[in-house]
Number of protein chains: 2
Amino acid sequence: MENDIAKHIKPLRLGALPEDMRLALKNAREKRGWTQRGLASRLGLTQTHISGIESGKIVPRYDTLLELVRILDSDLLMVPRALVPVVQSLIRDHARPDQGEGDDRSLYADDTDEESNKEPRDEV
Amino acid sequence: MENDIAKHIKPLRLGALPEDMRLALKNAREKRGWTQRGLASRLGLTQTHISGIESGKIVPRYDTLLELVRILDSDLLMVPRALVPVVQSLIRDHARPDQGEGDDRSLYADDTDEESNKEPRDEV
DNA sequence: GGTGTTGATATAGTTTAGTATATCAATTGG
DNA sequence: CCAATTGATATACTAAACTATATCAACACC
């Protein structure tokens, strides 16, 4: 039987962004009425690339993800473990200030900031 | 003269982690009494690599940075812009609960969690 | 039906993260 | 003084992000 199970047993590295984050990115983009092509050109990236990131085919570099996240009006912060739950609560509250204040819902909360930033007149 | 100035004018991408973050990572590592080699072997990385990241020679992938940050008892969170200042304050307060509660100090606060995880007896 | 847009995917190429190994200056400690 | 440790750095290689281009199914909309 050759016992081929897990040939190298190495790729313990994600292989894709966590689904939560991917959805948050996608939602934030769509909420702004941007297409993958539109977002890509704003950042000087390719549609292929954005698609790969959103659909979990690749895991971007830190700088790439940071640009992505920032153009979508968020940021990437390094938070001490002890504070993570609190910060996550803050984020969820910010997203839907109506819902009950639980503690482990879906995370990342797709940024309901209600600002119609249409018009991709940016060009680079 | 050929006008060679800025051949492609392209590399608008960081080229290194923000210094704040690099220092935070380095401090967190040292606070634990770990060497670059120790940390590297815990993560299955190389000392060369860690050195490159800490000294700003390279910008890691998201997954790599996440592992790094996590083994140092922090996490990487996607935070809506509107919440960034609040979260940063929380982080600073957590780091030094004595200092005055200003709003724009040095950021990232090198995780003063006071846990002596010494013992780098890892070898490889 | 036809035209256009959107997101996914294929192929082929470039760039850079990441490996493996080794060396070296600056420490530190016996 | 010598030996060991630490962080940086050099070289050569591999893996994966990222580009450029093009195609295609699904969906709209006229």
Side-chain angles (χ1 to χ4, degrees), chain A residues 7-17 19 21-69 71-72 76 118-120 124, chain B residues 6-19 21-23 25-69 71-72 76 118-124:
Chain A
K7 304 195 172 186
H8 307 84
I9 318 184
K10 237 198 175 184
L12 230 40
R13 254 192 235 128
L14 290 73
L17 291 187
E19 192 171 4
M21 185 176 279
R22 274 164 31 217
L23 286 179
L25 289 174
K26 188 178 180 189
N27 285 336
R29 173 178 62 79
E30 289 173 341
K31 197 154 291 177
R32 264 143 262 242
W34 298 348
T35 67
Q36 289 185 344
R37 283 179 175 85
L39 177 56
S41 77
R42 277 166 201 264
L43 293 173
L45 302 179
T46 59
Q47 181 262 327
T48 309
H49 197 185
I50 301 290
S51 169
I53 293 173
E54 282 187 359
S55 58
K57 297 282 180 292
I58 65 176
V59 31
R61 278 191 249 144
Y62 172 75
D63 53 357
T64 307
L65 183 59
L66 188 61
E67 286 188 45
L68 233 178
V69 151
I71 213 174
L72 295 170
L76 232 35
K118 309 275 180 181
E119 281 188 26
V124 178
Chain B
K7 305 195 173 186
H8 306 83
I9 318 182
K10 239 196 174 183
L12 230 43
R13 247 183 248 130
L14 289 74
L17 291 187
E19 191 171 5
M21 185 177 280
R22 276 167 26 219
L23 286 180
L25 289 174
K26 188 177 180 191
N27 286 336
R29 174 178 62 78
E30 288 173 342
K31 198 153 291 177
R32 263 144 262 244
W34 297 348
T35 68
Q36 289 185 344
R37 283 179 174 85
L39 176 56
S41 77
R42 277 167 202 264
L43 293 172
L45 302 179
T46 60
Q47 181 261 329
T48 309
H49 198 186
I50 301 290
S51 170
I53 292 173
E54 282 187 0
S55 57
K57 296 283 181 291
I58 65 176
V59 31
R61 279 190 247 144
Y62 171 76
D63 54 356
T64 307
L65 183 59
L66 189 60
E67 286 188 45
L68 233 177
V69 151
I71 213 175
L72 295 170
L76 233 34
K118 309 275 180 183
E119 280 191 29
R121 47 94 168 115
D122 227 303
E123 228 46 271
V124 177

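Residue numbering restarts at 1 for every chain, and letters A, B, ... go by the order of the sequence lines.
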Starting at atom CG of Leu25(B), determine the distance to atom P of dG7(D), rounded to an integer number of angstrom. 14 Å
Qualifying residue, where the test is side chain to side chain donor-acceptor pair (under 3.5 Å) with Glu54(B) and the options are Lys26(B), Gln36(B), Arg22(B): Gln36(B)
Describe the nucleic acid contact of Leu45(A) in one word from base, sugar-phosphate, nothing, applying a heavy-atom distance below 4.0 Å. sugar-phosphate
Check: Arg29(A) side chain, Trp34(A) main-chain N or O, donor-acceptor pair, under 3.5 Å: yes
Gln36(A), nearest nucleotide to its side chain (from dG7(C), dT21(D), dG7(D)): dG7(C)
Rounded to the Å, how far apart are Ile50(A) CD1 and dT6(C) P? 14 Å
To the nearest angstrom, the NZ-C1' distance between Lys57(A) and dT9(C) comes to 9 Å
When the distance from OH of Tyr62(B) to P of dA17(C) is rounded to whole Å, what number comes out? 18 Å
Rounded to whole angstroms, how far apart are CG on Leu68(A) and C1' on dC18(D)? 13 Å
Looking only at heavy atoms, the pair that brings Arg61(A) and Val59(B) closest together is CD-O, 4.0 Å
In whole angstroms, how far is the C1' atom of dT6(D) from the CG atom of Leu39(B)? 14 Å
Can you tell me if Arg29(A) touches the phosphate of dG7(C), counting only side-chain N or O atoms and a distance under 4.0 Å to OP1 or OP2? yes
Base, sugar-phosphate alone, or nothing: which one does Thr48(A) contact when heavy atoms must sit under 4.0 Å apart? base
Using heavy-atom distances to pick each residue's nearest nucleotide on DNA chain C, tell me which of Gly52(A) and Arg37(B) is more 5'. Gly52(A)
Would you please confirm or rule out a distance under 4.0 Å between OP1 or OP2 of dT19(C) and any side-chain N or O of His49(B)? yes
Rounded to whole angstrom units, what separation is found between the CG atom of Leu43(B) and the P atom of dG18(C)? 12 Å
Which part of the nucleic acid does Gly15(B) contact within heavy-atom distance under 4.0 Å: base, sugar-phosphate only, or nothing? nothing
By nearest atom, which of the nucleotides dT6(C), dT9(C), dT19(D) is closest to the Gln47(A) side chain? dT9(C)
Rounded at 0.5 Å granularity, tell me how far CG in Leu76(A) sits from CG in Asp63(A). 11.0 Å
Gap separating the CG atom of Leu43(A) from the OG1 atom of Thr64(A), nearest 0.5 angstrom: 9.0 Å
Counting heavy atoms from C-beta on, name the nucleotide in dT9(D), dA22(D), dA17(C) closest to the side chain of Val59(B). dA17(C)
Look at Thr46(A) and dC18(D) and indicate whether a side-chain polar atom (N or O) is within less than 4.0 Å of OP1 or OP2. no
Heavy atoms only, 4.0 Å cut-off, all strands: where does Thr35(A) land among base, sugar-phosphate and nothing? sugar-phosphate
Protein-nucleotide distance (Asp63(B), atom CG; dA16(D), atom P), rounded to Å: 10 Å
Quick one: is Thr64(B) getting a side-chain N or O under 4.0 Å of the dG18(C) phosphate, OP1 or OP2? yes
